[in-house]
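Letters go in sequence order (proteins before strands), and every chain restarts at 1. Not measured: the values here are computed from a predicted model. The analysis underlying the following values was restricted to heavy atoms, covering all of them including side chains, and did not include hydrogens, waters or symmetry mates.
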Protein chains: 2
Amino acid sequence: MTIEDKSYKEKKVISIGIVSELTGLSVRQIRYYEERKLISPQRSTRGTRKYSFSDVEKLMEIANKREDGVQTAEILKDMRRREQALKGDNQLRNKMLEGQLNAHFKYRNR
Amino acid sequence: MTIEDKSYKEKKVISIGIVSELTGLSVRQIRYYEERKLISPQRSTRGTRKYSFSDVEKLMEIANKREDGVQTAEILKDMRRREQALKGDNQLRNKMLEGQLNAHFKYRNR
DNA sequence: CGTGTAAGGAATTCTGACACG
DNA sequence: CGTGTAAGGAATTCTGACACG
């Protein structure tokens with residue numbers, strides 16, 4: 001995925017009505033999930049909410065979990081956990097790369 | 001670019017106001033370029049225009065040409081020409097692939 | 001030709017609140 | 001807790017038209 005493609009996915013340009021159509025969620029539900037910190041749309045100058053494709057996908061996941069009876073507080077925890085896991089992975093990955101780099105220089109310098 | 005990334009770029013989800021902000025063009029100009037067949041937004045159920053990121057980029061190119069004094073009719077011709085050229089390229093490419101394939105089987109079958 | 005603008009109507013979006021459960 | 005709804009106001013969008021050049 002190039003930087004440009006990513007910008008399409010992350011750029012906040014979709015109004016709440018379209019998001020509602022795309023996700024099947026009511027406008028009320030979408031606003032409520034924001035209140036519960038599950039999503040963070042951007043605000044336009046005039047104050048209207050703008051969402052990215054990424055937000056839309058997140059909302060679809062939320063919808064699935066809600067259908068399974070998972071509460072928003074639980075969903076939020078899951079999201080935070082997943083972020084932590086990702087962070088941990090990256091730390092591990094960095095450690096390993098560091099190790100390789102060190103080994104490399106060890107051999108080169110003797 | 002994966003199929004998914006492409007769908008982000010082509011999906012018509014942006015309202016004309018946002019497109020105006022993104023391109024710097026007035027709403028009037030954007031509607032006029034549609035009248036001149038330079039772009040084709042999708043219509044929502046209610047009749048409002050929906051644009052893709054691809055449309056936005058096209059509009060920025062149009063804006064550049066208009067600044068150079070190029071008329072919309074001319075811009076339309078350029079666009080058609082470019083499409084034809086692309087078509088020609090693909091045809092040539094297909095012919096070449098076909099040739100390679102034929103050569104391949106020739107060798108295999110004797 | 002390309003773009004601005006006023007006109008009138010319809011649909012959207014926003015917030016805070018009450019309702020129900 | 002999660003969602004629907006009526007309320008009132010503000011901003012958007014749409015079309016057809018007139019203006020200017």
Problem set entry | Runs of at least three consecutive pairs that involve DNA chain D, where pairs are Watson-Crick or G-U with distances under 3.5 Å | C:2-5 with D:17-20, C:17-20 with D:2-5

Using whole Å, what does the distance between atom [atom2] of nucleotide [N] and atom [atom1] of [X] come to?
X	N	atom1	atom2	result
B:Glu35	C:dG2	CD	C1'	10 Å
A:Ile18	C:dT13	CD1	C1'	13 Å
B:Ile30	C:dG2	CD1	C1'	14 Å
A:Leu59	D:dG2	CG	C1'	15 Å
B:Glu34	C:dT3	CD	P	15 Å

Does any non-hydrogen side-chain atom of [Y] lie less than 4.5 Å from one of [X]?
X	Y	result
A:Arg66	A:Thr72	yes
A:Arg36	A:Leu76	no
A:Lys58	A:Leu38	no

List every contact pair, protein side and nucleotides 8-12 of chain C side both N or O, where the distance is under 3.5 Å.
residue : atom : partner : partner atom : Å
C:dA11  : O3'  : B:Arg46 : NE           : 3.3

Once rounded to the nearest 0.5 Å, what's the spacing between atom [atom1] of [X] and atom [atom2] of [Y]?
X	Y	atom1	atom2	value
B:Ser54	B:Ile39	OG	CD1	11.0 Å
B:Glu61	B:Asp78	CD	CG	10.5 Å
B:Lys77	B:Gln71	NZ	CD	9.5 Å
B:Ile14	B:Asp55	CD1	CG	8.0 Å
A:Leu22	B:Lys11	CG	NZ	5.0 Å
A:Lys9	A:Glu57	NZ	CD	4.0 Å

Is there a side-chain polar atom (N or O) of [X] under 4.0 Å from OP1 or OP2 of [N]?
X	N	result
A:Tyr32	D:dG4	no
A:Tyr33	D:dT3	yes
A:Arg49	C:dT13	no

Exercise. Looking at A:Glu34 and A:Arg43, does any basic side-chain N land under 4.0 Å from a carboxylate oxygen?
Worked result: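 Answer for the salt bridge query: yes.
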
For this session: Check each residue of residues 61-78 of chain B for a non-hydrogen atom within less than 4.0 Å of any atom in DNA chain C, then write out the ones that pass by number, or none.
Result: B:Arg66, B:Gln71, B:Thr72

Problem set entry | Whether B:Lys12 side chain and B:Ser40 backbone form a donor-acceptor pair below 3.5 Å |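 Confirmed, B:Lys12 side chain pairs with B:Ser40 backbone.
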
For this session: Ignoring the backbone of B:Gln29, work out which of C:dT3, C:dT15, D:dC14 is nearest its side chain.
Result: C:dT3

Exercise. Among D:dA17, C:dT15, D:dT5, which is the nearest nucleotide to the side chain of B:Arg28?
Worked result: D:dA17

